[in-house]
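Below is one structure, written out as structure tokens; the observations come after it.
The figures here come from the full heavy-atom set of this structure, side chains too, leaving out hydrogens, waters and symmetry mates. Start at 1 with the first residue, then count along the sequence.
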Amino acid sequence: MSHTIKEVLNFVKENDVKFIHLGFCDLSGAQKNISIMAENLSAAFADGVSFDAHAIKGFREVTQSDLLLFPDPATLTVLPWRPGSGRVAHFYCHIKTPNGEPFALDGRHILKSVVEKYAKLGLMAMIGAECEFYLFKVDENGEPTTQTLDQGGYLDISPLDKGEDIRREICLTIEEMGIKPETSHHEQGPGQNEVDFKFSDALTSADNLMTFKSVVSSVAARNGLFASFAPKPIANAPGSGLHVNISLSQKGLNIFGEDSVIVESFIAGILSKAPEITLFLNPLASSYERLGRFEAPKYVSWGRQNRSQLVRIPAAKGDKTRMELRSPDPSINPYLAFALILGAGLFGIEKELPLPPAVDADLYTAGQEVTSKLAALPANLREAVEKARNSQFVKVIIGEELHLKYLAIKEAEDRANG
């Protein structure tokens with residue numbers, strides 16, 4: 001729900017909100033936060049709240065370290081696990097420079113800019129993210145162990161599935177925060193779970209994913225567990241994916257359910273740019289241990305109902321007709337990832353790219369006569385860095401400054417991993 005500043009200030013006053021959390025994320029997608037007292041919220045809307053950008057990895061040099069957070073009133077949520085008296089509200093923020101300009105490395109602003117390009121074409125992209133995660137037990141000091149909560153498998157029930165009550169608490173909590181849960185279940189790996197929530201416009205979906213991960217971590221901790229969003233936390237078990245479901249609406253109608261040239265070009269654009277944007281969809285060295293195994297794709301291809309493909313068109317009708325991008329994992333910065341995915345789709349639409357033929361084979365077992373005809377995703381972090389470095393497309397979407405700084409961070413990580 002969209003709120004005006006006046007409505008937000010009235011809500012805060014009438015509902016005994018005493019503390020305000022101002023949230024944003026760094027280049028790697030880690031959520032950051034500043035707390036202010038509720039009486040300072042009006043000033044925050046008007047003048048922003050300053051923070052030390054030099055202390056955020058990759059943001060700014062120490063000689064120009066001031067940046068300002070401006071809360072987005074449309075993102076108001078109340079944290080349900082805080083006490084009824086002296087409640088805590090949360091906002092996601094726009095990041096601006098002291099002269100009032102949008103900060104060039106603000107992923108939320110970058111995604112918003114891509115969304116506005118769609119609006120000029122009369123299109124709206126809707127995104128739903130399916131986020132998998134593992135639950136690990138903790139030791140006597142509260143530190144995570146390598147012991148998973150259970151040894152359950154895909155869609156198992158109690159007693160094999162010991163995460164049912166945790167998923168229930170997660171669903172109830174995100175629902176209180178305005179995110180509508182749809183399905184939840186035990187995933188393939190031991191202690192691996194998935195909770196899916198309703199799709200939204202791209203910016204809201206990115207915000208919701210940040211909220212979701214925060215809720216999962218908090219609920220797990222309250223239950224004496226550790227929630228891991230690592231792409232490959234257990235060597236010989238399935239990795240955790242973040243399947244990104246996308247549809248396009250025009251004049252309020254989902255055109256993915258139609259025989260649409262726009263949709264075909266949109267998918268073709270994503271396929272054409274997939275290797276170049278993989279660094280942002282699979283940002284960690286361990287991300288590449290997941291690809292090509294346990295229903296995670298390795299090749300650039302598409303098909304219907306085929307989970308070995310990079311892009312799958314699920315069997316669905318009406319508003320749920322969509323495409324599913326299967327390569328991303330939960331370690332993404334969702335604002336940058338969604339901006340690049342949608343930017344690639346827009347590239348396909350503008351260039352009127354034809355959609356290549358579907359690949360119906362099982363690409364996990366297919367022979368070289370099939371796979372040799374397909375482009376492959378980067379095999380490791382170093383290869384992904386090089387693909388992104390040489391991509392003019394990536395540089396245009398995220399800007400030259402962010403492009404250089406993100407690459408520098410990932411190069412350092414690659415060197416540290418040997």
Side-chain angles (χ1 to χ4, degrees), residues 129-136 146-156 163 185-194 196 227-245 270-271 274-314 323-332 337 341 358-387 410 413-414 417-418:
E130 300 175 5
C131 188
E132 298 169 347
F133 58 94
Y134 275 82
L135 293 174
F136 290 94
T146 58
Q147 185 178 1
T148 57
L149 174 63
D150 59 40
Q151 294 298 313
Y154 187 60
L155 301 186
D156 273 343
H185 58 87
H186 199 289
E187 257 298 338
Q188 296 185 45
Q192 190 182 31
N193 297 266
E194 180 176 316
D196 300 334
S228 171
F229 295 98
K232 192 71 171 175
I234 303 175
N236 296 314
S240 287
L242 179 79
H243 300 155
V244 179
N245 295 276
I270 292 173
L271 292 173
E276 299 172 38
I277 67 176
T278 292
L279 179 64
F280 298 85
L281 309 186
N282 305 100
L284 303 180
S286 59
S287 296
Y288 300 87
E289 298 170 12
R290 167 182 164 265
L291 296 181
R293 303 177 62 200
F294 295 105
E295 297 191 0
K298 179 179 179 180
Y299 298 100
V300 178
S301 59
W302 76 280
R304 299 182 184 279
Q305 303 182 43
N306 187 337
R307 283 179 166 81
S308 70
Q309 308 293 330
L310 173 63
V311 171
R312 182 176 79 100
I313 309 298
M323 62 155 277
E324 177 186 63
L325 184 64
R326 296 181 59 79
S327 62
D329 66 58
S331 64
I332 63 169
I341 293 168
V359 178
D360 296 325
D362 178 354
L363 295 182
Y364 303 123
T365 59
Q368 194 172 5
E369 69 277 5
V370 175
T371 59
S372 63
K373 300 174 184 178
L374 302 173
L377 295 173
N380 51 55
L381 183 61
R382 183 167 303 173
E383 190 177 326
V385 167
E386 289 306 309
K387 292 282 187 185
K410 294 303 166 182
E413 291 177 6
D414 181 56
N417 285 308

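- Residues satisfying the side chain to side chain contact (heavy atoms under 4.5 Å, CB included) test with Asp360, not counting sequence neighbours, are Ala358.
- The shortest side-chain heavy-atom distance between Pro283 and Lys410 falls under the 4.5 Å cut-off.
- Residues meeting the side chain to side chain contact (heavy atoms under 4.5 Å, CB included) test with Gln305, sequence neighbours left out: Ala315.
- Taking every heavy atom of both residues into account, Ala296 and Arg290 meet most closely at CB-O, 3.3 Å.
- Qualifying ring-ring contact (aromatic ring centres under 6.0 Å, His included) partners for His243, counting only residues two or more places apart in sequence or in other chains: none.
- Nearest heavy atoms, Val359 versus Ser301: CG2-CB, 3.9 Å.
- Looking at residues two or more places apart in sequence or on another chain, you find a side-chain hydrogen bond (donor to acceptor under 3.5 Å, both in side chains) between Asp196 and Thr183.
- The CG atom of Leu284 lies 11.0 Å from the CD1 atom of Ile332; values are rounded to the nearest 0.5 Å.
- Not counting sequence neighbours, the partners of Gln368 by the side chain to side chain contact (heavy atoms under 4.5 Å, CB included) test are Thr371, Ser372.
- Partners of Ile270 according to the side chain to side chain contact (heavy atoms under 4.5 Å, CB included) rule, which considers only residues two or more places apart in sequence or in another chain, are Ile246, Phe266, Met323, Leu325, Ile341, Ala344.
- The CG atom of Leu149 lies 10.5 Å from the CZ atom of Phe136; values are rounded to the nearest 0.5 Å.
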Point to revise | Stepwise side chain to side chain contact (heavy atoms under 4.5 Å, CB included) test for Leu291 and Lys298 | key: CA-CA 6 Å; Leu291 296 181; Lys298 179 179 179 180; 5.6 Å; no
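- Residue pairs meeting the salt bridge (Lys or Arg N to Asp or Glu O under 4.0 Å) criterion with at least one member in residues 276-287, sequence neighbours excluded: Lys273-Glu276.
- Using a 4.5 Å heavy-atom cutoff, the side chains of Val300 and Pro275 are in contact.
- For residues 231-240, the side-chain hydrogen bond (donor to acceptor under 3.5 Å, both in side chains) pairs, not counting sequence neighbours, are Gln192-Ser240.
- Every residue meeting the side-chain hydrogen bond (donor to acceptor under 3.5 Å, both in side chains) condition with Ser287, not counting sequence neighbours, appears here in chain and number order: Asp329.
- In terms of heavy-atom proximity, Ala361 sits nearest to Ala366 at CB-CB, 4.4 Å.
- Asp414 meets the salt bridge (charged side-chain N to carboxylate O under 4.0 Å, His left out) test with Arg382; sequence neighbours excluded.
- Atoms CD and OH, on Gln309 and Tyr299 in that order, are 11.5 Å from each other to the nearest 0.5 Å.
- Remark: Thr278 engages no residue in a side-chain hydrogen bond (donor to acceptor under 3.5 Å, both in side chains) (not counting sequence neighbours).
- Of all heavy-atom pairs between Glu383 and Ala379, the closest is OE1-N, 3.4 Å.
- The shortest non-hydrogen separation linking Tyr288 to Ala384 is OH-CB, 3.1 Å.
- For the atom pair Leu381 CG and Asn282 CG, the distance stands at 10.0 Å (nearest 0.5 Å).
- Asn245 places no side-chain N or O within 3.5 Å of a backbone atom of Glu130 that could act as its donor or acceptor partner.
- The shortest heavy-atom contact between Pro297 and Leu377 is O-CD1, 3.9 Å.
- Put simply, CG on Asn193 and CG on Asp150 are 7.0 Å apart, with the number rounded to the nearest 0.5 Å.
- Partners of Arg326 according to the side-chain hydrogen bond (donor to acceptor under 3.5 Å, both in side chains) rule, which considers only residues two or more places apart in sequence or in another chain, are Glu324.
- Using a 4.5 Å cut-off on side-chain heavy atoms (C-beta onward), Thr148 and Ile234 make contact.
- Between the CD atom in Gln188 and the OH atom in Tyr154 there is a gap of 7.5 Å [rounded to 0.5 Å].
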